[in-house]
Amino acid sequence: MDAANRHDKILNLLNSQERVEVEDLAALFGVSLQTIRTDLRDLAARGALSRVHGGAVRVSSAANRAYAERRKLNAAAKQAMATLLAEVIPDNCSLALNIGTSTEQAARALENHRGLTVLSNNINIINLMMGGETKELILAGGTVRQSDGAIIGEDAVEFISRYKVDYAIIGASALDEDGAVLDHDAREVSVARAILKNARTTILLCDGSKFARSAPVRICGLPDLDVIITDQMPPSSFCKAASTAGTRILCADSNRTQNESREND
């Protein structure tokens with residue numbers, strides 16, 4: 001089968017499923033892994049698909065979903081992660097949260113905490129926490145993205161850089177198995193980086209579905225994170241990279257850490 005026919009069949013597969021794997025395609029077509037990687041690279045160059053670690057996804061899957069729709073995706077997992085986060089965060093501390101549906105769930109889970117000082121570039125989070133036990137709410141200044149209430153851009157980065165909080169809590173749009181934490185909007189990413197940079201402890205809230213998604217802008221790597229809270233244990237390559245980086249993984253579905261999971265395997 002020539003390259004053109006393989007390309008057509010790969011795109012047909014992506015019409016019926018969100019992701020294809022390099023190893024599966026190589027076995028299907030009876031060609032080498034390198035041949036499939038070349039096929040995916042060529043298709044990505046045409047804008048026909050988006051490359052991710054180990055395979056490719058539909059372009060529509062890689063695009064950022066409407067915010068209201070994203071709130072509904074994996075809602076139970078996000079709630080479980082937020083509940084676990086609330087056990088990690090003590091009363092009487094300061095924290096910063098970025099834009100995202102997972103961080104919004106975190107805000108809900110923290111509503112009964114006392115004495116919190118909360119900094120955010122997320123209008124929704126500030127609104128959710130008003131009237132609760134929080135000591136102080138600080139909304140970053142800057143340009144408001146009307147689609148989701150995010151405050152983004154260099155003004156927001158400069159504003160956040162005035163503070164040093166106890167905990168940074170961020171979400172992300174995609175994760176790579178090599179440990180890269182990714183998002184779509186470079187202006188939003190700049191704010192997330194500022195939040196991480198100006199915190200004593202850094203936490204990522206990200207459910208396992210993010211390994212099947214792709215985004216072009218790097219927020220950070222595993223060495224920049226102290227804790228990852230997710231809903232299922234990540235792929236083994238990611239866990240190994242986290243262990244090397246000294247990043248702790250907490251799994252909301254079983255309340256087990258990465259090390260505890262290994263001990264029971």
Side-chain angles (χ1 to χ4, degrees), residues 67 70-72 74-142 144 148-152 156-172 181 188 191-207 219-220 224-231 246-260:
Y67 199 69
R70 285 165 51 201
R71 278 195 177 105
K72 301 174 185 177
N74 302 311
K78 293 172 183 175
Q79 185 174 5
M81 293 188 303
T83 299
L84 181 53
L85 172 77
E87 298 175 9
V88 173
I89 303 297
D91 289 337
N92 303 306
C93 70
S94 58
L95 57 144
L97 301 96
N98 76 334
I99 186 67
T101 56
S102 293
T103 51
E104 284 185 20
Q105 284 288 354
R108 291 187 175 93
L110 292 168
E111 64 181 359
N112 292 323
H113 276 51
R114 296 177 178 274
L116 298 183
T117 296
V118 178
L119 167 66
S120 184
N121 70 317
N122 184 338
I123 290 174
N124 306 306
I125 282 176
I126 299 300
N127 286 334
L128 283 168
M129 300 192 82
M130 286 182 64
E133 299 289 345
T134 307
K135 176 182 178 182
E136 188 171 12
L137 296 171
I138 304 168
L139 180 62
V144 179
D148 58 7
I151 298 175
I152 53 178
V157 170
E158 182 181 351
F159 186 98
I160 289 166
S161 298
R162 302 174 194 168
Y163 294 85
K164 184 69 175 259
V165 297
D166 296 318
Y167 296 92
I169 303 164
I170 69 163
V181 181
E188 178 182 336
V191 178
R193 288 174 182 163
I195 288 173
L196 293 173
K197 182 179 179 181
N198 294 284
R200 297 178 180 88
T201 301
T202 55
I203 301 174
L204 171 69
L205 284 180
C206 222
D207 66 81
I219 299 174
C220 66
D224 303 303
L225 298 168
D226 296 305
V227 179
I228 295 172
I229 296 178
T230 185
D231 65 320
T247 304
R248 190 181 183 202
I249 297 176
L250 300 178
C251 193
D253 65 345
S254 61
N255 253 5
R256 295 188 303 170
T257 67
Q258 177 183 355
N259 290 334
E260 289 169 341

At what distance, to the nearest 0.5 angstrom, does [atom1] of [X] lie from [atom2] of [Y]?
X: Lys197; Y: Ser161; atom1: NZ; atom2: OG; result: 6.5 Å
X: Phe159; Y: Ile138; atom1: CZ; atom2: CD1; result: 6.5 Å
X: Ile170; Y: Ile195; atom1: CD1; atom2: CD1; result: 8.0 Å
X: Ile228; Y: Cys251; atom1: CD1; atom2: SG; result: 11.5 Å
X: Asn127; Y: Glu104; atom1: CG; atom2: CD; result: 9.5 Å
X: His113; Y: Leu95; atom1: NE2; atom2: CG; result: 9.0 Å

**Prompt:** Does Thr134 have any side chain to side chain donor-acceptor pair (under 3.5 Å) partners at least two apart in sequence or in another chain, and if so, which?
**Reply:** none

**Message:** Glu158: which residues meet the side chain to side chain donor-acceptor pair (under 3.5 Å) condition with it, sequence neighbours left out?
**Reply:** none

Identify the heavy atoms of [X] and [Y] that sit nearest to each other, and give their distance.
X: Val157; Y: Ala194; value: CG1-CB, 4.0 Å
X: Ile219; Y: Gly171; value: CD1-O, 4.0 Å
X: Gly100; Y: Thr103; value: O-OG1, 2.9 Å
X: Gln105; Y: Ala82; value: O-CB, 3.4 Å
X: Met81; Y: Ile229; value: SD-O, 3.5 Å
X: Asn124; Y: Gly149; value: ND2-CA, 4.5 Å

**Request:** Give the intermediate values and the outcome of side chain to side chain contact (heavy atoms under 4.5 Å, CB included) for residues Leu97 and Asn122.
**Result:** CA-CA 8 Å; Leu97 301 96; Asn122 184 338; over 6 Å; no

Can you find a pair of side-chain heavy atoms, one from [X] and one from [Y], that are under 4.5 Å apart?
X: Leu116; Y: Cys93; value: yes
X: Ile160; Y: Val191; value: yes
X: Lys164; Y: Arg200; value: yes
X: Lys78; Y: Thr101; value: yes
X: Thr117; Y: Leu137; value: no
X: Asp148; Y: Ile99; value: yes

**Message:** I'd like to know whether Ile123 forms a side chain to side chain contact (heavy atoms under 4.5 Å, CB included) with Val144, so could you lay out the CA-CA distance, the side-chain angles of the two residues, the decisive distance to 0.1 Å, and finally the verdict.
**Reply:** CA-CA 9 Å; Ile123 290 174; Val144 179; 3.9 Å; yes

Return yes if some donor-acceptor pair links the side-chain N/O of [X] with the main-chain N/O of [Y] below 3.5 Å, else return no.
X: Asn98; Y: Ser120; answer: no
X: Asn198; Y: Val165; answer: no
X: Asp231; Y: Ala252; answer: no

**Asked** Got a sec, which pairs hit salt bridge (charged side-chain N to carboxylate O under 4.0 Å, His left out) with one end in residues 112-124, sequence neighbours left out?
**Response** Arg114-Glu133

**Prompt:** Among side-chain atoms of Asp226 and Thr201, is any donor-acceptor pair under 3.5 angstrom?
**Reply:** no

**Request:** Start with the C-alpha gap between Ile203 and Leu85, add the side-chain angles, then the distance that decides, and say whether side chain to side chain contact (heavy atoms under 4.5 Å, CB included) holds.
**Result:** CA-CA 9 Å; Ile203 301 174; Leu85 172 77; 3.9 Å; yes

**Qualifying residue for side-chain contact (heavy atoms from CB on, under 4.5 Å) with Leu196, from Val181, Ile169, Thr202** = Thr202

**Asked** Going through the distances and angles, do Met129 and Val118 end up as a side chain to side chain contact (heavy atoms under 4.5 Å, CB included)?
**Response** CA-CA 9 Å; Met129 300 192 82; Val118 178; 3.9 Å; yes

